[in-house]
Amino acid sequence: MNLKHLIFRKSINHISKLSPKPASTISAAISTSLHPISSVQSFAYIKNPKPISPYIRCIHLTRETKLSYASVEANVVSSDSEDEDDGTTKEFLSRFVWIMRGKLSEVYTDCDKETINGMLLVIVEKVVEEMEKDGIQRMIGSKVAMPSQDFSEDLWKTVWEASNMVLEDMEKARKKERMKQFLQAEEVKEMCRFAGEVGIRGDLLRELRFKWAKEKMEENDFYESLQRFRSGKQDKGGNVLKEQAVAAEDTLAVASLPKRKGKIKYKIYGLDLSDPKWAEVADKIHEKEEMLWPLEPKPISGNCKLVMDKILSLEKEDDPSQLLAEWIQLLQPTRVDWITLLDKLEQQNPGIQLKVMELVLGEESFQTNVRDYTKLIDAYAKEDRVEDVERILRKMVEDGIMPDSLTITVLVHMYSKVGNVARANEAFESLRNYGFQPDTKIYNSMMMAYINAGEPRQGEQLLREMETRDIKPSEEIYMALLRSYSRRGDAVGAGRIANSMQFAGFQHNLEYFALLVEAYGQAGDYDQARSNFDNMIKLGYKPDDKCTANMIAAYEKKNLLDKALNLLVELEKDGFEPGIETYTVLVDWLGRLQLVDETEKLLDKIAELGEVPPLKVHLSLCDMYLRAKSEKKALQAVGVLEARKDELGPNEFERIITALCEGGFVKNAQRILQLMEAKGFAASEKVKFSLSASQVLSQRRPKI
């Protein structure tokens, strides 16, 4: 390496530009190491030396030769500068003599001390001679040792290496002393105190203190070099002025920074920001900032303001296209002007905002992007305007802008909300094709769409997918699936969801047990239904009217009337009072058993509750009276059901038709069948066969 850059510049100047007074300097420098001997004897050895073997670095420090570091700090007086020059020279020669003594002693082991000292004297005189001739820079500044006429090539190379070693050690010692000074600087102490206050201790604090001191020292060196550079320029300019005194203008040289070598490299949190790619990133960020944080909108006045007021006062049914065209012609708006207009519409006239925004999307000056379309689609989706959303989607694709994941997410929520499972599933799969991982909200929307469409198994598949991805479903989703399985009478599916809830750590509540009782009751498994019913009571939950009705309905499936009555007796002892739900199940059960008197007593109790009998009660009464051949009450019950035909489903219609056929009321059965078909329900083959058989036997049955 070039040792010229390893040593302190001022020290080199001191050594290489000495005044021609070598005698006193040399005698003072080597008085502690050399004794007067014959130089002729020593020169004989030096002229033909033995080969010098590789050496081990050796540093000699003495009290007399300690370097005075005050000379490297700043500008000093000329008299002090000469003393510092002598001190630096003495330091250099003392270290040099110590190193060369060791090397000569290793090579010339058969020579005595006086001979070695003589050799050193000759070598030092030659080195000082080179220093007087300003040859020290040539001697140590080159990468290869310069040959000498007096010394052999090996000896001169050794002298050259020792000189560089001495200068390097002197520079390290100087830096060490300077580091001690900067370690005690007030700024470094302040930073260390702050680090201690925030909890930094031990080796880390020590490392940070040295780092801060080093940075402070480098900063100080930089500014000192600039000051020296400036002073040198000014001195040079002054000499030029003296030499060119005849010139008319006094021109001072302008100081400038030294030319930087290499590229600037700077890091922030380990990220190399000197890479050219960050310039491109900065340009892109600047472009986006212009779109997101543009300039202020143009001032609006005169006719333009009148037109804008008209736009803000439009009714929901009005067409704003003409006023917008006039406003565009007057203002020549940019994107920020459009956004200002839309914001004012949102505040003052939200009814017309969506219509105006749809027109704005086609304007070139608006600089429409995918997010603008998404906002409009989201606004329409919140109002369940599916046709408008699909129309905007088609326009979006026609303009060459493809929907992104955020737009498709809005579509999933909308289609799930309106119950369009096919389109919701299509949008959901599009998200996956984009590589987007659905989040909890999207999963919830899709599962609710499947549940509302009567497909809980599809929703359960998404639930398992969430569990696989370590996404914890909410308790509401579990309960929605359990509710769907219970209403369908799917006891197996309800059991799976119940087990999943238990493993997920959700606490059981009254609705949880009531849904399990309903699921097992509709499936005909009254033992499991009763087991969950008893567990609910053991956990301290009191069964409500609906849960009790579901338990009674489970016994009804197996016609276990005695167990149902025993259950009611036990509950009444605990303070339970049957409600409309329980009485409805009992009316239906007793009606099927043709217990007319007991059923009518239950009707009286329903009346005492002040509740309107539900449709199922009228259906049970119609079926009971038709089977009991009670014509008047039967026709009355049929009339009530016909008046509430909009509430009837296919199962209710078929039950009425079957009861009318068994009661011999064929014409009434045909009329009810026509009502059923008018509502879009198709009769089952069993009902059609029963009606055909009743028509054959209609002559034997009484006519109404």
Sequence neighbours excluded - salt bridge (charged side-chain N to carboxylate O under 4.0 Å, His left out) pairs with any residue from residues 200-214: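 Listed by first then second residue: nothing to list.
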Of all pairs that satisfy salt bridge (charged side-chain N to carboxylate O under 4.0 Å, His left out), the ones with a partner from residues 430-444, not counting sequence neighbours: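 Non-adjacent pairs meeting salt bridge (charged side-chain N to carboxylate O under 4.0 Å, His left out): Glu429-Arg432, Arg432-Glu465.
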Close side-chain approach of [X] and [Y], heavy atoms under 4.5 Å:
X	Y	result
Phe436	Ile442	yes
Ile328	Ser365	no
Tyr443	Pro473	no
Glu296	Val336	no
Met357	Lys375	yes
Arg174	Arg178	yes
Asp378	His413	no

Glu190/Arg193 under salt bridge (Lys or Arg N to Asp or Glu O under 4.0 Å): CA gap, chis, key distance, verdict: CA-CA 5 Å; Glu190 183 66 25; Arg193 281 193 293 268; 2.6 Å; yes
Rounded to the nearest 0.5 Å, how far does [atom2] of [Y] lie from [atom1] of [X]?
X	Y	atom1	atom2	answer
Lys189	Leu183	NZ	CG	10.0 Å
Leu104	Thr115	CG	OG1	11.0 Å
Gln181	Met217	CD	CE	10.5 Å
Leu411	Thr374	CG	OG1	9.0 Å
Ile123	Met100	CD1	CE	4.0 Å
Arg371	Thr407	CZ	OG1	6.0 Å

For [X], give me all partners under side chain to side chain contact (heavy atoms under 4.5 Å, CB included), at least two apart in sequence or on another chain.
X	result
Ile200	Ala195, Val198, Leu204, Leu205, Leu208
Asp399	Tyr373, Lys395
Glu346	Asp343, Gln353
Ala185	Val188

side-chain contact (heavy atoms from CB on, under 4.5 Å) between Arg101 and Asn117, worked out: CA-CA 8 Å; Arg101 182 188 299 278; Asn117 289 341; 2.7 Å; yes
Do you know the tightest heavy-atom contact between [X] and [Y]?
X	Y	result
Thr368	Val360	OG1-O, 4.3 Å
Cys192	Trp212	N-CZ3, 3.7 Å
Leu431	Ser405	CD2-O, 3.4 Å
Phe96	Ala162	CE1-CB, 3.9 Å
Gln332	Lys298	O-NZ, 2.6 Å
Phe92	Ser163	CE1-O, 3.9 Å

Under 3.5 Å side-chain donor-acceptor pair for Glu168 and Asn164: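 Not at all, the side chains of Glu168 and Asn164 share no donor-acceptor pair under 3.5 Å.
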Modelled atom types, side-chain donor and acceptor of Asp337 and Thr334, under 3.5 Å: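 Indeed, the side chains of Asp337 and Thr334 share at least one donor-acceptor pair under 3.5 Å.
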Glu187 atom CD: more than 12 heavy-atom contacts under 6.0 Å: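 Open.
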Salt bridge Lys180-Glu177, side-chain N to carboxylate O under 4.0 Å: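 Glu177 and Lys180: salt-bridged.
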Using modelled atom types only, decide if a donor and an acceptor are shared between the side chain of [X] and the backbone of [Y] within a distance under 3.5 Å.
X	Y	result
Ser225	Phe222	yes
Arg335	Gln367	yes
Arg469	Arg464	no

Full working for side-chain contact (heavy atoms from CB on, under 4.5 Å) between Thr440 and Met466: CA-CA 8 Å; Thr440 306; Met466 291 178 68; 4.3 Å; yes
